[in-house]
Amino acid sequence: MSGIALNHVSKFYHEGEHKVVALNDVSLHVKPGEFVAIIGPSGSGKSTFLSVAGALLQASEGDVILNDKKIAGLSPKSLSKARLDEIGFILQTSNLVPYLTVIDQLLLVKKMTGTVTHADKVFARELLTDLGLGTKLKKFPDQLSGGERQRTAIARAFINDPTIILADEPTASLDTNRAHEVVKLIAKEVKTRNKAAIMVTHDERMLTYCDKVYRMEDGCLTLQS
């Protein structure tokens, strides 16, 4: 099962004698080339869902499957490698390293997997050019607009050529025009590079770029009609 799948996943927390259900029997399969959105009110379980899908939290019940591998059976080292190699994260804020240039933001990620090759540098330039940052390679974060910083973060998410992209409120800090620009670019990269992508968002104006929309409420996930 290529892409990412959650099969009957639940996540519980215990507060004293009480059991808090953050995710309740959630099932979802996102295939390569598919861009899915999850909407819902604050506290509905969206952040927990993304953390479980991204192998940052372990499910209490059910299976998370990345490209035919159940992540529950992986060792801590293998789990860390899976997060680095197979999952690209795009967060609410770009979280760029202030003293690194745009291209070095990407190459830093490559260094985490080993040595940086000439092919890696070529791919980094290609990604940044594709996202409209070809003239900004040597700029530092404080020399970029908010939209440019977020586009750099998108390129960084794709640099290891992961199969899964997880975006957590990627437009939260952007105005309307830049928000549309960023989500349109994510959708384009997902289709062009055949990635399975999930975006958690409060911004329902962005849903037009998505193939499917799910709603999360009280830890339960339902497909919107």
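Hydrophobic clustering of Ile, Leu, Val, Met, Phe, Trp and Tyr side chains at less than 4.5 Å, counting indirect connections, unites L107 with I154. With hydrophobic clusters built from ILVMFWY side chains whose heavy atoms lie under 4.5 angstrom apart, I165 does not share a cluster with F49. L84 and L66 fall into different hydrophobic clusters, where Ile, Leu, Val, Met, Phe, Trp and Tyr residues are linked whenever their side-chain heavy atoms come under 4.5 Å apart, directly or through other members. Note on V102 and F89: separate hydrophobic clusters, where clusters join Ile, Leu, Val, Met, Phe, Trp and Tyr whose side-chain heavy atoms are under 4.5 Å apart, directly or indirectly. Cluster annotation: Y214 and V64 are assigned to the same hydrophobic cluster (Ile/Leu/Val/Met/Phe/Trp/Tyr, side-chain heavy-atom contacts under 4.5 Å, transitive).
With hydrogens and angles ignored, the 3.5 Å screen pairs a side-chain donor or acceptor of R83 with a backbone N or O of A55. Checking side-chain atoms of E189 against main-chain N and O of L127 turns up no donor-acceptor pair under 3.5 Å. Checking side-chain atoms of D211 against main-chain N and O of F35 turns up a donor-acceptor pair under 3.5 Å. The main-chain N or O of R178 is found under 3.5 Å from a side-chain atom of D175 such that the two form a donor-acceptor pair. Between the side chain of S44 and the backbone N or O of P41, at least one donor-acceptor pair lies under 3.5 Å. T117 places a side-chain N or O within 3.5 Å of a backbone atom of D120 that can act as its donor or acceptor partner. Side chain of R215 to backbone of C220: no donor-acceptor contact under 3.5 angstrom is found. Side-chain N or O atoms of N160 include none that pairs as donor or acceptor with a backbone N or O of P162 at under 3.5 Å. Distance alone, capped at 3.5 Å, is enough to place a donor-acceptor pair between the E148 side chain and the S145 backbone.
Counting only N and O atoms by type, the side chains of T48 and S51 include no donor and acceptor under 3.5 Å apart. If you check the side chains of T163 and N67, you find a donor sitting under 3.5 Å from an acceptor. A donor and an acceptor atom, one from each side chain of H202 and E169, are located under 3.5 Å apart.
In this structure, the side chains of Q150 and L174 come closer than 4.5 Å at one or more pairs of heavy atoms. Counting only heavy atoms from C-beta outward, the side chains of T152 and S94 never approach each other to under 4.5 Å. Taking 4.5 Å as the limit, every side-chain heavy atom of P32 sits out of range of all side-chain heavy atoms of K195. When side chains are defined from C-beta on, K212 counts as touching L223, because their heavy atoms get closer than 4.5 Å. Put simply, the side chain of K110 reaches to within 4.5 Å of the side chain of I159, judged on heavy atoms. I186 is not listed as a side-chain neighbour of Y209, based on a closest heavy-atom distance of 4.5 Å or more. Put simply, the side chain of L106 reaches to within 4.5 Å of the side chain of L128, judged on heavy atoms. At least one side-chain heavy atom of M199 sits less than 4.5 Å from a side-chain heavy atom of P170.
Taking CD of Q105 as the reference point, atom CZ of F140 lies at 9.5 Å (rounded to 0.5 Å). Between D25 atom CG and L221 atom CG the span is 10.5 Å, to the nearest 0.5 Å. Distance check: L133 CG to R125 CZ gives 14.5 Å after rounding to the nearest 0.5 Å. For the atom pair I65 CD1 and S2 OG, the distance stands at 11.5 Å (nearest 0.5 Å). Note that CD of E34 is 8.0 Å distant from NE2 of H29, once rounded to the nearest 0.5 Å. Once rounded to the nearest 0.5 Å, the distance linking OH of Y13 with NZ of K11 reads 5.0 Å.
Heavy-atom contacts from other residues, nucleotides or ligands closer than 6.0 Å to NE2 of H14 number more than 12. Heavy-atom contacts from other residues, nucleotides or ligands closer than 6.0 Å to CD of Q58 number 12 or fewer. In the displayed structure, K81 atom NZ is contacted under 6.0 Å by at most 12 heavy atoms of other residues, nucleotides or ligands.
Both tests hold for K19 against F12: distance to the six-membered ring centre under 6.0 Å, angle to the ring axis within 45°.
Grouping Ile, Leu, Val, Met, Phe, Trp and Tyr by side-chain contacts under 4.5 Å, direct or through others, leaves V122 on its own.
Nearest heavy-atom pair, V97 versus P141, reported as atom, atom and distance to 0.1 Å: O-CG, 3.5 Å. I198 and I38 make their closest contact through CG2-CD1, 3.8 Å (heavy atoms, listed as atom of the first residue, atom of the second, distance). Between I71 and V52, the shortest heavy-atom contact is CD1-O, 4.1 Å. Of all heavy-atom pairs between L131 and R151, the closest is O-NH1, 2.9 Å. Considering all non-hydrogen atoms of both residues, G62 and A59 come closest at O-CB, 4.4 Å. Contact detail for F158 and R193: the closest heavy-atom pair is CD2-CD, 4.0 Å.
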Note to self: Go through it in stages, so that I can follow the logic: the residues are T222 and M216, the test is side-chain contact (heavy atoms from CB on, under 4.5 Å), and I'd like the CA-CA distance, side-chain angles, deciding distance and then a yes or no.
What the structure shows: CA-CA 7 Å; T222 53; M216 182 158 277; over 6 Å; no

Check: When you look at I39 and E204, which way does the side-chain contact (heavy atoms from CB on, under 4.5 Å) test go after all the steps?
Finding: CA-CA 8 Å; I39 59 173; E204 300 199 10; 3.8 Å; yes

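No salt bridge links E181 with K188; every basic N to acidic carboxylate O contact stays at or beyond 4.0 Å.
Of the residues L23, V200, D168, the one that meets the side-chain contact (heavy atoms from CB on, under 4.5 Å) test with K46 is V200.
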